[in-house]
Trainee: 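Encoded as structure tokens, here's the structure I'll be asking about.
Computed over heavy atoms, backbone and side chain alike; hydrogens, waters and symmetry mates excluded. Numbers restart at 1 for each chain; the letters A, B, ... are given by sequence-line order, proteins then strands.
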Amino acid sequence: MALEATVRPPEETLSLWKREQARLKTRVVDRDTEAWQRDPDFSGLQRIGGVDVSFVKGNSVRACASLVVLSYPELEVVYEESRMVSLTAPYVSGFLAFREVPFLVEAVQRLQEMEPGLMPQVLLVDGNGVLHHQGFGVACHLGVLTDLPCIGVAKKLLQVDGLENNALHREKIQLLQAGGDTFPLMGGSGTILGMALKSHDRSAKPLYVSVGHKMSLEAAVRLTRHCCRFRIPEPVRQADIRSREYIRRTLGLPGTPVPGSQKLHRPRACPKEGSREFTGEGRPSEDNSQGSRMDLKASQPETVGPGLAVK
DNA sequence: GCGACAG
DNA sequence: ATCTTGTCGC
């Protein structure tokens, strides 16, 4: 059975995860690698991806992972895939990627198979990049595993390396005037780990932008700003909206009983639907037979597609 | 016992 | 992340 994605993993698992983060961190590229990233108007940029995972309320395992692709600069959704998944790892601050990234990588892989022409040129990720305990947040993790440029966009400050959401920090926030205003987030070593960004004119809370992969912080901030019709950049916002919507429409549908309810309400046998999901297309459904528990599974796929190799 | 805590 | 209604403002 799927492990309790609620329990804190043993220290042994956490140190394995840390080792994996340290190993993959050496592959992060924290500078612009594409021509469009340096262009004042992002000329050449046509597709931006966004990913998010939403959860089923009373359930720590079931979730919906969404990948959307938006056109640039129109910011219209040109691709969407939302799919129910069964999480195997619990949420532990600093190790978010081990919970969510495997399903996001799979989504990118399916996109590469089904609609390679819609592969995004950059991914906006809900969470941090190098602004992280080990300097390797979920945006870096997804970037390295897919070899796509990635930007970390967090809604709350991760208090790490001396960064604190204290009075001084809140003062700086209040000094932000117009949309696009920023201030640097400097770690203890003096390195700029990210930027606080007022994403639009009337947004009290800033976004915390950091480099994920294959992009400079300056370009990451500028692009994030260009994606904000509202506080949350459109690619991430659309992924969030659509993953929640998918859950809302999926819950209560047959074939998806709540774990404990089966024995109580359905003591008798029914056709073995098991834990299959309805895709709405009658396609075979999700089966995260990752085989195991919480392990190094988040880093299992090392390649996504042409030119997207990671060894 | 108390504070911290991306999603 | 999720639990939750109304309310103030453009």
Trainee: Using atom CG of A/Asn165 as one end and atom P of B/dA4 as the other, report the distance to the nearest whole Å.
Mentor: 10 Å
Trainee: If you look at every strand shown and take non-hydrogen atoms under 4.0 Å, does A/Gly94 touch a base, only sugar-phosphate, or nothing?
Mentor: base
Trainee: Nearest of C/dA1, B/dA6, C/dC3 to any side-chain atom of A/Lys57?
Mentor: C/dC3
Trainee: Touch check for A/Val138, heavy atoms < 4.0 angstrom, all strands: base, sugar-phosphate only, or nothing?
Mentor: base
Trainee: If we take the C1' atom in both C/dT2 and B/dC5, what is their distance in whole Å?
Mentor: 15 Å
Trainee: Please determine if A/Glu245 and A/Arg242 form a salt bridge, counting it only when a charged side-chain N lies under 4.0 Å from a carboxylate O.
Mentor: no
Trainee: Between B/dC5, B/dG7, C/dT2, spot the one nearest the side chain of A/Arg244, thanks.
Mentor: C/dT2
Trainee: Out of C/dT2, B/dG7, B/dA4, which nucleotide sits closest to the side chain of A/Gln159?
Mentor: B/dA4
Trainee: Under 4.0 angstrom, heavy atoms only, what part of the nucleic acid is A/Asp126 near: base, sugar-phosphate, or nothing?
Mentor: sugar-phosphate
Trainee: Following the transitive rule for hydrophobic clusters with a side-chain heavy-atom cut-off under 4.5 Å over Ile, Leu, Val, Met, Phe, Trp and Tyr, establish whether A/Val130 and A/Leu217 coincide in one cluster.
Mentor: yes
Trainee: Return yes if some donor-acceptor pair links the side-chain N/O of A/Asp147 with the main-chain N/O of A/Val144 below 3.5 Å, else return no.
Mentor: no
Trainee: When you measure from the side chain of A/Lys156, which nucleotide among C/dT2, B/dA4, B/dA6 comes out closest?
Mentor: B/dA6
Trainee: To the nearest angstrom, how far is A/His133 atom NE2 from B/dG7 atom C1'?
Mentor: 13 Å
Trainee: Just to confirm, is there a sub-4.0 Å distance from OP1 or OP2 of B/dG7 to any side-chain nitrogen or oxygen of A/Lys155?
Mentor: yes
Trainee: Using atom C1' in both nucleotides, what's the gap between C/dT4 and B/dG3 to the nearest angstrom?
Mentor: 26 Å
Trainee: Would A/Val221 and A/Leu185 show up in the same hydrophobic cluster when neighbours are defined by side-chain heavy atoms closer than 4.5 Å?
Mentor: no
Trainee: Send over the distance from A/Ile232 CD1 to B/dG7 C1', rounded to a whole Å.
Mentor: 12 Å
Trainee: Would you mind classifying the nucleic acid contact of A/Tyr91 as base, sugar-phosphate or nothing, using non-hydrogen atoms under 4.0 angstrom?
Mentor: base
Trainee: Can you check the A/Glu100 CD to C/dA1 P distance for me, whole Å?
Mentor: 10 Å
Trainee: Between B/dA6, C/dT2, B/dG7, which one does the side chain of A/Ser54 approach most closely?
Mentor: C/dT2
Trainee: Taking the six-membered ring of A/Phe136 as reference, does the cationic atom of A/Arg27 (NZ for Lys, CZ for Arg) lie under 6.0 Å from its centre and within 45° of its axis?
Mentor: no
Trainee: Would you mind reading off the distance between A/Leu158 atom CG and B/dG7 atom P, rounded to a whole angstrom?
Mentor: 9 Å
